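Please read the structure below before turning to the comments.
Numbered from 1 within each chain, the chains take letters A, B, ... in sequence-line order. The shown structure was predicted, so the numbers you read here are calculated from the model rather than taken from an experiment.
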Number of protein chains: 2
Amino acid sequence: MLPLNLHHTAIAVRDLDGALAEVKRLYGLEPVSRERVEEQGVEEAMIPLGGSYLQLLMPLSAESPVGLFLAGRGEGIHHMALQVADIEAALAHLGAAGAELVDTTPRIGGGGHRIAFVHPRSLASTLVELVEVE
Amino acid sequence: MLPLNLHHTAIAVRDLDGALAEVKRLYGLEPVSRERVEEQGVEEAMIPLGGSYLQLLMPLSAESPVGLFLAGRGEGIHHMALQVADIEAALAHLGAAGAELVDTTPRIGGGGHRIAFVHPRSLASTLVELVEVE
């Protein structure tokens, strides 16, 4: 189970418009997509950055996971995402290796990709997302 | 000033050997380099991941910046690094745009690259490193 790429690094923000404006003003970077992902309770923007993406996440409610993250820790880097070719094989491998899976089966994330999260307890308090891109 | 790539995402860890073993066991990923960067007070490992790297950082002392980060927040994602072609031009642009620079002139980081940090106050509480790779 070898991830193919660092698919994205995600930052939780309170104000998506404001954060996108700062990313443009400071770094000249612009999003290629922006969408509401209701199931995850976020509005997200994907900003291409070489072979990877910077993702900005804004919660749709204070009770969503990203809303709770903001309330507890404030803005900042929220997770990193690893690109895999076969997410079911990746989850099976991780489960067998004793990793603590937030999602034992894939769900649909931004861009229509199949995704799953691995609990921060499994690697240095770092929330890891798997993203299937064939 | 357009960054060329998401050069790496860095995780602060207490036990570099243990974290490397977990990254290998769970994800099959191995470091391409490991070095002590005395000036930054860290021992760091660079793990290739597609067109980017996962970096693991272990402090050399409790008083180093990463040591203080661990004491205050525990393990977790510490910063993200943007690859630039001309770090002096990038710093001049960011300074003119009002970004708060931790380093106003480049210093030497891992791999001998010229690096500089931009304060988390300038973008959603996110510590951003610039890495010059020509």
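- Across every non-hydrogen atom of B/Ile11 and A/Ala124, the tightest pair is CG2-CB, 3.8 Å.
- A chain of hydrophobic side-chain contacts below 4.5 Å, direct or via other Ile, Leu, Val, Met, Phe, Trp or Tyr residues, connects A/Val84 to B/Leu26.
- Under the 4.5 Å side-chain heavy-atom criterion for ILVMFWY residues, a single connected hydrophobic cluster contains both A/Val128 and B/Leu56.
- Taking non-hydrogen atoms and a 4.5 Å limit, the residue list of residues 95-109 of chain B in contact with chain A, ordered by number, reads B/Ala97, B/Ala99.
- Residue-level contacts of residues 12-25 of chain B with chain A, in order of numbering, are B/Val13, B/Ala19, B/Glu22, B/Val23, B/Arg25; threshold 4.5 Å between heavy atoms.
- No side-chain donor from either of A/Ser52 and B/Ser52 sits under 3.5 Å from a side-chain acceptor of the other.
- For chain B, the nearby part of A/Leu82 is the side chain; its heavy atoms alone come within less than 4.5 Å.
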Evaluate B/Arg73 against A/Arg73 for side chain to side chain contact (heavy atoms under 4.5 Å, CB included), listing each step before the verdict.
CA-CA 9 Å; B/Arg73 306 197 55 166; A/Arg73 306 196 54 168; 2.8 Å; yes
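- Placement of B/Val42 and B/Met46 in two distinct hydrophobic clusters is found when ILVMFWY residues are connected by side-chain heavy-atom separations under 4.5 Å, directly or transitively.
- Cluster annotation: B/Met80 and B/Ile47 are assigned to the same hydrophobic cluster (Ile/Leu/Val/Met/Phe/Trp/Tyr, side-chain heavy-atom contacts under 4.5 Å, transitive).
- Residue A/His7 does not touch chain B at all, counting heavy-atom pairs closer than 4.5 Å.
- No continuous path of hydrophobic side-chain contacts links A/Phe117 to A/Leu123 [ILVMFWY only; heavy atoms under 4.5 Å].
- Using a 4.5 Å cut-off between heavy atoms, B/Leu54 touches chain A through its side chain atoms alone.
- Note: B/His79 NE2 to A/Ile77 CD1 = 8.5 Å, rounded to the nearest 0.5 Å.
- Distance OH/B/Tyr53 to CG/A/Leu6: 12.5 Å, rounded to 0.5 Å.
- B/Leu49 and A/Asn5 get closest at one heavy-atom pair: O-OD1, 3.3 Å.
- The two atoms that bring B/Thr126 and A/Gly76 nearest to each other are OG1-CA, 3.9 Å, heavy atoms only.
- For a residue to count as touching a neighbouring chain, one of its non-hydrogen atoms must lie under 4.5 Å from one of that chain's; by this rule B/Leu4 touches chain A with the backbone only.
- Closest heavy-atom contact between B/Gly28 and A/Leu2: O-CD1, 3.1 Å.
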